[in-house]
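Everything below concerns the one structure shown next.
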Amino acid sequence: MSFFGKIRDALKKTKDSVAHKMRQLFLKNKIGNEFYDELEEILISADVSVRTAEDVVDQVKEEAIGNKVKDEAFVIDLLKDILEDTLNEAPVPEITYPCVIMFVGVNGVGKTTTIGKVANYFVRKKKSVTVAAADTFRAAAIDQLNVWADRAKVRIVKHEEGSDPSAVVYDAVSSAKAKGTDVVLVDTAGRLHVKDNLMNELKKMDRVVLREYPEAAFYKFLVLDATTGQNAVNQARVFNEAVDLDGIVLTKLDGTAKGGFVFSLCGELNVPVVFAGVGEKMEDLELFDAEQFVEGFV
């Protein structure tokens, strides 16, 4: 099944619900203040944040009034365009090589699995890849990453459990420089986003990369579990303040019930979604497509 097919299936309940509510809205109300208030409520019910829903509806209202529009199809197309623009407010970084990508996030979002899938993505693009097992705290994290590295057929740099994560990063980037590796993917320990000492550890790894490998492009991607909804936005806000995120990887998008929070990620935080995971297999990760996501949502 294509990426669009998986997104469509994942968001089917949301799309059906939004479409039904929109039909009811057009039957019940002429386009006016009450109409726009209810449109805002429809978006919020699909897990769009209040702030983003208000902003989107204000834009719809402005365009519709300017064009003296009372046509259902036009308003729906307008809504789709504005939602897509919201997703594209934060430009997706163009990945250049050599590069280092550090993956951060809370416990249980699927960072290690995601790194295996991202490694496979770059291998398919004919790039050489090294993964750094800098999650030295979680039991079996190194073993788990080792399994994914073997499956993706990429090199792994690892130390003993309990080692200094920054030392692992240092060895990984030193090795990548020596071997001319295209991509270094850094796994990090899951952390509660309220723990300052763990955030400081991320900043230390950040400094190691910048100091030891200044010629490499450096990206920091937050891995988010799509099933957590608006809580994902809160996580993204805290991590963005701590390490200045370059992008987001959404996992378990095929398991989400709604998906509207994605618009809040891009619109409010100005952080783009780069990759989306839509299944358990190695190949079930693709570049995020804003147009296809909106088509699956509305």
Side-chain angles (χ1 to χ4, degrees), residues 1-12 14-15 43 46-49 52 56 79-96 99 101-105 109-111 113-125 127 183 185 217 219-233 235-237 239-240 244-298:
M1 186 185 291
S2 69
F3 177 72
F4 176 67
K6 290 173 182 176
I7 291 291
R8 184 188 59 217
D9 287 354
L11 297 175
K12 185 177 187 305
T14 299
K15 186 179 177 79
L43 293 176
D47 225 4
V48 180
S49 72
T52 299
V56 167
L79 176 62
K80 287 181 178 180
D81 288 344
I82 290 169
L83 287 172
E84 188 176 336
D85 288 345
T86 301
L87 292 177
N88 289 325
E89 276 184 30
V92 174
E94 183 179 349
I95 294 176
T96 59
C99 70
I101 305 175
M102 184 167 75
F103 294 83
V104 302
V109 293
K111 278 191 306 302
T113 301
T114 294
I115 289 170
K117 293 177 180 180
V118 173
N120 183 63
Y121 169 84
F122 283 113
V123 168
R124 292 194 333 247
K125 292 174 71 69
K127 300 298 179 184
V183 182
L185 305 177
Y219 310 96
K220 284 150 282 188
F221 288 173
L222 173 65
V223 182
L224 288 174
D225 180 341
T227 63
T228 59
Q230 280 297 319
N231 190 43
V233 181
Q235 291 175 26
R237 183 173 285 109
F239 276 97
N240 194 34
D244 194 17
L245 298 171
D246 297 291
I248 286 167
V249 183
L250 288 175
T251 66
K252 308 175 190 175
L253 196 55
D254 54 317
T256 185
K258 295 182 179 178
F261 74 94
V262 178
F263 301 103
S264 307
L265 285 173
C266 301
E268 294 178 35
L269 302 183
N270 203 36
V271 181
V273 178
V274 181
F275 290 104
V278 287
E280 298 298 321
K281 296 178 183 175
M282 181 80 90
E283 298 78 22
D284 288 340
L285 178 132
E286 297 284 349
L287 290 174
F288 183 75
D289 188 305
E291 182 180 359
Q292 290 185 359
F293 187 84
V294 170
E295 283 297 325
F297 182 79
V298 179

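All values derive from a computational prediction rather than experimental measurement.
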Please identify which of these residues, Y219, F103, Y121, meets the ring-ring contact (aromatic ring centres under 6.0 Å, His included) condition with F275.
Y121
List the atom of C266, the atom of A90, and the distance in Å for their closest heavy-atom pair.
O-CB, 4.4 Å
Less than 4.5 Å apart, side chain to side chain, heavy atoms only: is that true for V48 and L83?
no
side-chain contact (heavy atoms from CB on, under 4.5 Å) with F288: of I248, V274, V92, V262, only one passes, and it is V262
Rounded to the nearest 0.5 Å, the OG1 atom of T52 sits from the CZ atom of F261 at a distance of 12.0 Å
Under 3.5 Å, side chain of N240 to main-chain N/O of L245, donor-acceptor pair present?
yes
Got a donor-acceptor contact below 3.5 angstrom from the T251 side chain to the G110 backbone?
no
Between D284 and K117, the two heavy atoms sitting closest are O-NZ, 4.1 Å
Could you tell me whether E283 and R124 have a side-chain N and a carboxylate O separated by less than 4.0 Å?
no
Taking the side chain as everything from C-beta on, heavy atoms only, tell me whether V294 gets closer than 4.5 Å to L87.
yes
Taking all non-hydrogen atoms of both residues, which atom of V109 and which atom of V223 are closest, and how far apart?
CG2-O, 3.5 Å
Shortest non-hydrogen pair, A46 vs F297, comes out as CB-CZ, 3.6 Å
Find the distance between NZ (K252) and OG1 (T113) and round it off to the nearest 0.5 Å.
8.5 Å
Kindly compute the distance separating NZ (K80) from CG (D85), expressed to the nearest 0.5 Å.
14.0 Å
Taking C-beta and beyond as the side chain, do I95 and F122 meet within less than 4.5 Å on heavy atoms?
yes
Which atom names give the shortest non-hydrogen contact between P272 and P93, and what distance separates them?
CG-CD, 3.8 Å
Look only at the side chain of Q235 and the backbone of G105, and say whether a donor-acceptor pair between them is shorter than 3.5 Å.
no
Only residue of I115, L185, D246 satisfying side-chain contact (heavy atoms from CB on, under 4.5 Å) with I101 is L185
Do K111 and T114 come close enough that some side-chain heavy atom pair is under 4.5 Å?
no
With rounding to the nearest 0.5 Å, note down the distance linking CG in L250 to CZ in F293.
7.5 Å
Find out whether V271 and L265 are in side-chain contact, i.e. whether some heavy atom of one side chain is under 4.5 Å from a heavy atom of the other.
no
Minimum heavy-atom distance G296-K15, with the two atoms named:
O-CB, 3.3 Å
